[in-house]
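Report on one structure; see the data block that follows.
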Amino acid sequence: MSANSLPETATVWHSLEVDKALGLLNSNADSGLTTEEVEQRLQKYGPNELEEHGGRSAWEILLDQFKNIMLLMLIAVALISGFLDFYSWRSGQLKAGEIPFKDTIAILAIVVLNGILGYVQESRAEQALAALKKMASPSVRVIRSNKLVDVAAKDIVPGDVMLLEAGVQISADGRLIEESNLQIRESALTGEAEAVNKQATIHLPEETSLGDRINLVFQGTEVVQGRAKVLVTNTGMTTELGKIATMLQSVESEPTPLQQRMTQLGNVLVTGSLILVAIVVIGGIIQARGFSNIQDLLEVSLSMAVAVVPEGLPAVITVTLALGTQRMVRRNALIRKLPAVETLGSVTTICSDKTGTLTQNKMVVQSLYTNQKTFRVTGEGYAPVGDFQLDGQKVEVEDYPEISALLLACAVCNDSVLQKEQGEWAILGDPTEGALVTLAGKAGIEKDQWSYKLPRVSEFPFSSERKRMSVISEIEQVSTGEQSFTDVDPALAGLVNGEPYLMFTKGSPELILARCTSIQLGANSAPLQEEQRQQIQAQNDQMASNGLRVLGFAYKPLTEVPPEGSDETSEQGLVWLGLVGMLDAPRPEVRPAVQECRQAGIRPVMITGDHQLTARAIAVDLGIGQEGDRVLTGQELQRMSDQELEQQVDLVSIYARVSPEHKLRIVQALQRRGRFVAMTGDGVNDAPALKQADIGIAMGITGTDVSKEASDMVLLDDNFATIVSATKEGRVVYTNIRRFIKYILGSNIGEVLTIAAAPLLGLGGVPLTPLQILWMNLVTDGLPALALAVEPPEPDVMQRPPFSPRESIFARGLGSYMIRIGIIFAIITIILMQWAYTHAHAVTGPGLSADRWKTMVFTSLCIAQMGHAIAIRSNTRLTIEMNPLSNPYVLAAVVVTTALQLMLVYVPPLRDFFGTHWLPPTELAICIGFSALMFVWIELEKIFFRLTGKKAV
Ligand code: ATP
């Protein structure tokens with residue numbers, strides 16, 4: 001059948017038998033589709049993608065930009081200024097050559113530009129986030145051409161056979177072919193929070209409602225538990241989710257902490273400037289004893305209002321955040337929620353999983369313990385090549401029936417697949433299980449063969465809560481003629497006891513041992529004695545304290561297949577087989593990263609499902625804990641009240657044998673202690689803890705889709721060291737934002753005070769026009785501020801404690817710096833202004849205007865900011881102590897900006913437009929001399945802070 005003769009995918013799949021559905025879609029449950037079939041169907045049905053809807057419309061985003069007090073004030077200024085110009089023009093008071101409405105147009109242009117910029121910033125941020133989310137979008141495991149492959153969700157087509165397991169977010173609609181204990185949370189579709197039990201074997205009446213179609217699975221829903229094989233029936237917009245066309249990942253529009261801080265800043269600036277305007281107007285009126293100079297006062301007020309708004313700030317912040325996100329991705333930290341970029345730097349506690357994040361997640365079995373003997377296993381990686389040794393001597397596994405039985409359990413009670421890929425042995429699935437398949441392979445026990453000999457009929461799947469799993473296999477079915485495998489295979493001989501089913505169980509040794517009543521000794525089982533129990537326990541502790549991850553194994557012959565959900569009762573009365581210890585070496589880069597955390601005042605905490613001794617051994621090795629440190633176990637935690645946990649939570653750095661729900665309690669307790677918590681997670685049940693954490697971190701490689709969906713950040717390499725690098729980037733971003741806010745606002749306050757001073761000093765006219773102020777705020781402040789945004793980290797960035805994410809924008813001296821520097825700025829400029837005014841009025845030769853004192857003020861303010869930019873690169877180091885080329889952009893910005901400013905003074909058309917005057921070289925030199933004082937002052941401040949031991953801002 002060609003792809004074109006396939007049914008339109010509107011068939012009522014839930015009313016069909018599996019075979020009928022497979023037939024209709026011309027697919028095969030075992031071999032899946034071929035590559036050509038997939039190609040054809042992709043052509044016919046298109047990619048499996050949802051068109052995203054919802055969120056704010058473009059207009060709404062644009063309008064939102066103007067709900068900003070500073071922009072509103074600028075609009076008011078533009079209107080008043082326009083009105084004044086209109087008045088002058090009507091009454092013929094315009095000076096020759098003066099362009100009316102110049103300031104109004106310029107201000108409105110800036111308002112529109114700022115609005116557009118904010119709009120572009122928000123839309124780009126949304127697009128960037130969507131793109132980042134796509135990078136982390138789920139891949140799907142499918143059977144194609146008889147092989148298991150992982151493909152991108154968008155490449156799924158109707159007829160594909162996909163495999164589901166706990167934690168997967170389902171990428172298409174489908175009909176269940178087979179399932180085991182499958183529970184699915186369909187809240188995305190039905191709003192129902194309770195997970196639904198699904199069943200493959202039934203078919204339902206056509207009219208069955210969506211929520212009751214328990215033989216189907218739907219796109220966007222989540223596998224909470226169990227496994228399944230599914231025939232994909234609908235993809236893209238034809239899925240149930242596609243039909244209701246909701247947006248899968250709605251865009252969050254809550255203001256980020258930075259946006260909140262900017263609102264706070266805007267309010268303070270606008271209020272401050274309005275108070276100042278009032279003072280100037282009242283002062284001016286009193287001085288002039290009347291309203292005679294009201295127009296002058298109005299112009300001064302307008303200029304002050306324009307001067308106080310940092311028009312260039314939004315652009316600089318946009319660029320900084322964008323660069324920060326990019327730098328983080330380059331370091332393998334993918335930001336999913338924008339506020340994380342700003343707040344990462346505030347993390348005080350990093351709670352990390354052990355397996356895969358602190359360790360390499362490359363497991364190699366090192367030793368076995370069975371029947372009171374410890375065997376060493378040689379070999380590296382996942383290659384099934386190696387020896388079994390007892391007391392240093394190689395042994396043959398066949399001579400030890402209990403080892404054969406243990407290895408059989410390793411191979412059968414296992415969901416991983418060992419494959420040779422490009423000459424290298426690799427595993428598909430959980431590395432712990434991969435190591436067990438490899439181990440069995442070393443003794444010639446191949447998983448594939450045994451899956452055929454002992455077909456799985458049921459299972460109790462692994463979960464982090466249960467910490468164990470069981471697989472039930474059928475024995476009778478495999479009888480061939482007169483003989484069954486049990487007769488021919490010594491590994492099975494002593495196990496089945498004539499029963500038709502055999503259950504293998506593996507998991508946390510304490511849990512498994514507690515469920516055992518017998519022990520396998522040689523080819524037979526015997527009642528388990530208390531002494532043997534203790535020996536096993538001691539051996540488990542011994543292996544764990546060497547940092548090994550230890551699993552216990554057991555089996556049980558069964559007369560019938562236990563019903564679903566009967567794990568508690570069925571996994572009892574087991575026969576103990578032995579222990580397997582595997583090494584999962586710590587990642588070498590984690591040790592220095594832990595060290596860096598400590599210096600940065602960040603406390604690393606290990607939270608693991610593994611044994612307390614294994615946890616402690618690894619934690620000590622990595623520097624997270626010390627020998628003798630308290631390890632809090634899940635059991636102890638369970639018994640503690642929230643208050644008791646809160647008292648302990650700052651003291652404990654190692655949690656072992658915990659379940660996902662404990663993680664949530666740990667985060668909450670830490671948060672109640674005022675900590676700012678980053679928490680890693682990978683499993684489906686980690687989602688609540690990730691959501692609760694201030695920074696929820698999911699694993700890019702091993703993480704489930706559900707955990708990624710709940711996270712703020714995804715670690716593309718699953719590596720703890722990446723969290724630390726991202727935290728450092730977060731600090732750099734926030735420090736740089738503070739740096740250029742200080743830089744820009746110091747200058748704004750200087751401008752405002754200078755403008756206010758002119759009428760109070762009795763100088764005629766406004767020293768700076770709105771156009772000149774906009775030029776300064778946007779260009780001569782904006783360019784160096786952009787360069788400051790890429791300032792490399794200061795050497796001590798990870799040697800100081802984190803700052804609170806809730807601190808005000810003015811905290812830690814930023815407010816006082818702005819005011820102090822603003823006043824110094826103003827003092828220097830006002831002195832120059834007074835001198836320039838008198839001088840210019842005294843010395844007016846041909847071609848010289850007395851009004852050039854205003855140009856001197858304008859030029860001096862601009863050039864002083866150049867010195868400010870150079871000096872503010874570091875809070876503590878003097879400029880001569882820094883490498884000028886470590887941020888060449890600042891130097892370039894200073895050169896370019898100074899050149900532009902000089903052009904405004906010396907290029908006639910620009911001079912006309914900006915209303916400046918030509919300055920003789922001596923006067924320019926005096927301006928530069930005055931400006932340099934700004935630089936000198938800031939450097940002197942640094943020396944003062946250093947000598948007095950006070951903390952610089
Ligand atoms: P971390 O939380 O640091 O990633 P972990 O990987 O050990 O630690 P879990 O995966 O929850 O945490 O495992 C908890 C325990 O369950 C393990 O220590 C082990 O005893 C047992 N276990 C792990 N994987 C399996 C498995 N595939 N089958 C049976 N038991 C397992």
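Residue numbers count from 1 along this sequence.
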Under 3.5 Å, is there a donor-acceptor pair between the [X] and [Y] side chains?
X    : Y    : result
Q692 : Q671 : yes
Q219 : T239 : yes
D718 : T357 : no
D584 : T359 : yes
S707 : T704 : yes
S180 : E459 : yes

Gap between atom [atom2] of [Y] and atom [atom1] of [X] - 0.5 Å precision:
X    : Y    : atom1 : atom2 : result
W13  : R175 : CH2   : CZ    : 10.5 Å
L716 : T722 : CG    : OG1   : 8.0 Å
E424 : Y382 : CD    : OH    : 12.5 Å

Just so I know, are the side chains of [X] and [Y] near enough to count as touching, which here means a heavy-atom distance under 4.5 Å?
X    : Y    : answer
S352 : T680 : yes
Q199 : L176 : no
N719 : R587 : yes
D160 : M162 : no
S139 : D150 : yes
D415 : E433 : yes
V232 : V161 : no

Any idea which heavy atoms bring [X] and [Y] closest together, and the distance?
X    : Y    : result
F462 : K467 : CE1-CA, 3.6 Å
A172 : I156 : CB-CG2, 4.2 Å
I350 : T727 : CD1-OG1, 4.4 Å
L182 : A228 : CD2-CB, 3.7 Å
N215 : A200 : CB-O, 4.4 Å
T343 : I695 : OG1-CD1, 3.6 Å

Selection residues 681-691 - residue pairs positive for salt bridge (charged side-chain N to carboxylate O under 4.0 Å, His left out), sequence neighbours left out: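 Every salt bridge (charged side-chain N to carboxylate O under 4.0 Å, His left out) pair that includes a residue of residues 681-691, provided the two are not neighbours, is K663-D686.
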
Please collect all salt bridge (charged side-chain N to carboxylate O under 4.0 Å, His left out) contacts where either partner lies in residues 321-333, sequence neighbours excluded, each pair once.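 Output for this query lists R327-E729, R331-E729.
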
S31 side chain to N28 backbone, donor-acceptor under 3.5 Å: no

Using atom types as modelled and distance alone, determine if a side-chain donor or acceptor of S711 lies under 3.5 Å from a backbone N or O of I697. no

Between [X] and [Y], does any side-chain N to carboxylate O distance fall below 4.0 Å?
X    : Y    : result
K229 : D30  : yes
R41  : D155 : no
R336 : D712 : no

Could you walk me through whether E709 and Q169 pass side chain to side chain contact (heavy atoms under 4.5 Å, CB included), step by step? CA-CA 9 Å; E709 212 30 59; Q169 187 176 58; 4.0 Å; yes

side-chain contact (heavy atoms from CB on, under 4.5 Å) involving D19 - partner list, sequence neighbours excluded: L22

Test side chain to side chain contact (heavy atoms under 4.5 Å, CB included) on M469 and N414 and set out the steps. CA-CA 9 Å; M469 74 179 270; N414 201 310; over 6 Å; no

